[in-house]
Asker: 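Structure incoming, see below.
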Amino acid sequence: MAKNQPMSNNNADRLAWTRRDFVRAAWGVMAVGAYARRGILPAFAADSVSNLDDLARSVRGQLLRGSSAGYDEARRVWNLAYDRRPLAIVRAVNLEDVQRCVEYARKHIVPIAIRGGGHSYAGYGVADGALQIDLGTFSTVTVDRDRRVASVGGGTRIRDLLRATLAAGLYTPMGSCGSVGVAGLTLAGGDTNGRGLYGTACDNLVSAQLVTADGEVRELGPDRNEDLYWAIRGGGGNFGVVTRLDFRLHPVVPLHTAAFNIGWQGIAGAMRAYGDLVRDAPDEARAGFFLDPESGASASCGYRGDAAAAAAYLEKWQAAFRPAPAQLSTSTPNPEGEVWGPTSVAVDGAFLEELSGGVVDVLSRAAIEGREFGQMLLGLSNGVVARIPMTATAYPLRGTGLSTLIAAEWHKLDDRARAERWVAETSAALRPWARRAYVNYLPPSTPERIREIYGVNYPRLARIKAQYDAANLFRENQNIQPS
């Protein structure tokens, strides 16, 4: 896959490694900001720098170093809070390039950072001192209408997948932002607005291709490398480089939506009403409660399916939120989805099993305190995704609940501390009610928190990690440590 998309080699760029490059890369390892993870700093062998020339000669894709034209743009990720300097960046163009990179990293004890869409809230598409494998050319999408399966490369964006499937009259549940990478979303589980009817993105992953730390290419599925197939459905990028993903497809169903603007008055009461409405929501429903830093609170509910059934269900929501008028609409999936350009943002997550009085108090108070910069999303997780047993996949958010994102942007450096403090304090206040969270909503997190989030699935994940990546080369992620 992607072998028909070679990139030109620039030998002067690829071979001219200087002492200045090494100093700049080493500076990146030492200059650790507020989001660095204590105890998981890169440690690479001294000869890894000089041997980059060998790696450059062995791959077809472009290798970028600190002095290369395009290096700074290639290391830039969506969350501008993270300014990290990898040892080198390889823009892989085929499977063999990925294998050569993994073999180099293993030989020289260099951690690997995998860049798919580059949209990680925690900035994990890049890492100080790491070898960054850029899968941007792995973007081919094929749709088998008869089998109802879509296959995508590891660097494919959501919008490209959905454009192809919708053209065939089919759909697979994905996130709401079209620029996000399919692989990063799916490997963390893939919270999607269609999970009530179809499950998460990882629940629709029928097979995949993975390059493990030994450089081997492995095909994963229900009857092939079943342990790895189980682990990558929720366990993130801990087990290797996913170069292909195959998804189950479904017929396109219209979504009938009612949205309500609440503003800054009565947030607690609206939140309680929302909690009551989602408690027994049908599989066809999707719902969200939102906090915008400028306009305040809002809520929405969608119903997938028959228009008459949707109207009857949405009437319950209209009655609960009166006198706020309902904004009614009907839509089908939009490949582009929400557009959220590169920014600096602090985040954290929580999975709330209910909106109890204590939770509502915490969130409504935080909403007022975060006015002008704080954001919240409380997305309903119910139906199919909730009924799948906890140990069926590594994804830990089973059972009905609200997958919650706490976020705060800043546009001036002076505002960073305020944003980070508000997110951290709100998240800490929710911890008595939420030990789990969607791992894609987390900042770089401690081993203890990751162990807590995966719960009963963590020991099995750690055993699989030890079997396939005992040296923890794939540690630039929400890391599962080898047992």
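Model, not experiment: these values are computed from the prediction.
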Asker: We want to know whether N238 and D469 form a side-chain donor-acceptor pair, criterion being a heavy-atom distance below 3.5 angstrom.
Answerer: no
Asker: Does the structure place the NZ or CZ of R451 under 6.0 Å from the centre of the six-membered ring of Y458, at an angle of no more than 45° from the ring's axis?
Answerer: yes
Asker: Ring of Y229, cation from R233 - is the NZ or CZ under 6.0 Å from the centre and inside 45° of the axis?
Answerer: yes
Asker: Could you check whether any side-chain N or O of N457 sits under 3.5 Å from a backbone N or O of M390, counting only pairs where one atom can act as donor and the other as acceptor?
Answerer: yes
Asker: Please confirm whether the backbone N or O of V211 pairs with a side-chain atom of R218, one donor and one acceptor, at under 3.5 Å?
Answerer: no
Asker: Can you classify the ring geometry of H119 versus Y121 as parallel (below 30°), tilted (30 to 60°) or perpendicular (above 60°)?
Answerer: perpendicular
Asker: For a quick check under 3.5 Å, do T172 and N204 share a side-chain donor-acceptor pair by atom type?
Answerer: no
Asker: Checking R85 against D72 for the salt bridge (charged side-chain N to carboxylate O under 4.0 Å, His left out) test, could you report, in this order, the C-alpha distance in whole Å, the side-chain angles of both residues, the deciding distance, and whether it holds?
Answerer: CA-CA 8 Å; R85 303 190 65 84; D72 283 330; 3.8 Å; yes
Asker: Hey, can you tell me if W340 and W78 have their rings parallel, tilted or perpendicular (30° and 60° cut-offs)?
Answerer: perpendicular
Asker: Hey, are N472 and N479 close enough side-chain-wise for a donor-acceptor pair under 3.5 Å?
Answerer: yes
Asker: So, does R449 use its side chain to make a donor-acceptor pair with the main chain of R435 at under 3.5 Å?
Answerer: no
Asker: Check step by step if salt bridge (charged side-chain N to carboxylate O under 4.0 Å, His left out) holds for D160 and R157.
Answerer: CA-CA 5 Å; D160 299 318; R157 308 290 181 119; over 6 Å; no
Asker: Minimum heavy-atom separation for A150 and T165, please, with both atom names.
Answerer: CB-CG2, 3.9 Å
Asker: Please tell me whether Y468 and D214 have a donor and an acceptor in their side chains that are separated by less than 3.5 angstrom.
Answerer: no
Asker: Step by step, would you call H250 with Y171 a ring-ring contact (aromatic ring centres under 6.0 Å, His included)?
Answerer: CA-CA 5 Å; H250 308 270; Y171 169 75; 7.5 Å; no
Asker: Determine the sole option in R398, R387, R195 for which the salt bridge (Lys or Arg N to Asp or Glu O under 4.0 Å) test with D203 is passed.
Answerer: R398
Asker: Check each of T140, T156, D144, D246 against S151 using the side chain to side chain donor-acceptor pair (under 3.5 Å) test, and report the only one that passes.
Answerer: D246
Asker: Is it true that N51 and K107 share a donor-acceptor pair across their side chains at a distance under 3.5 Å?
Answerer: no
Asker: After noting the C-alpha distance and the side-chain angles of L442 and V439, does the key distance pass the side chain to side chain contact (heavy atoms under 4.5 Å, CB included) rule?
Answerer: CA-CA 5 Å; L442 300 181; V439 293; 4.3 Å; yes
Asker: Between R418 and F373, is NZ or CZ placed under 6.0 angstrom from the six-membered ring centre and within 45° of the ring axis?
Answerer: yes
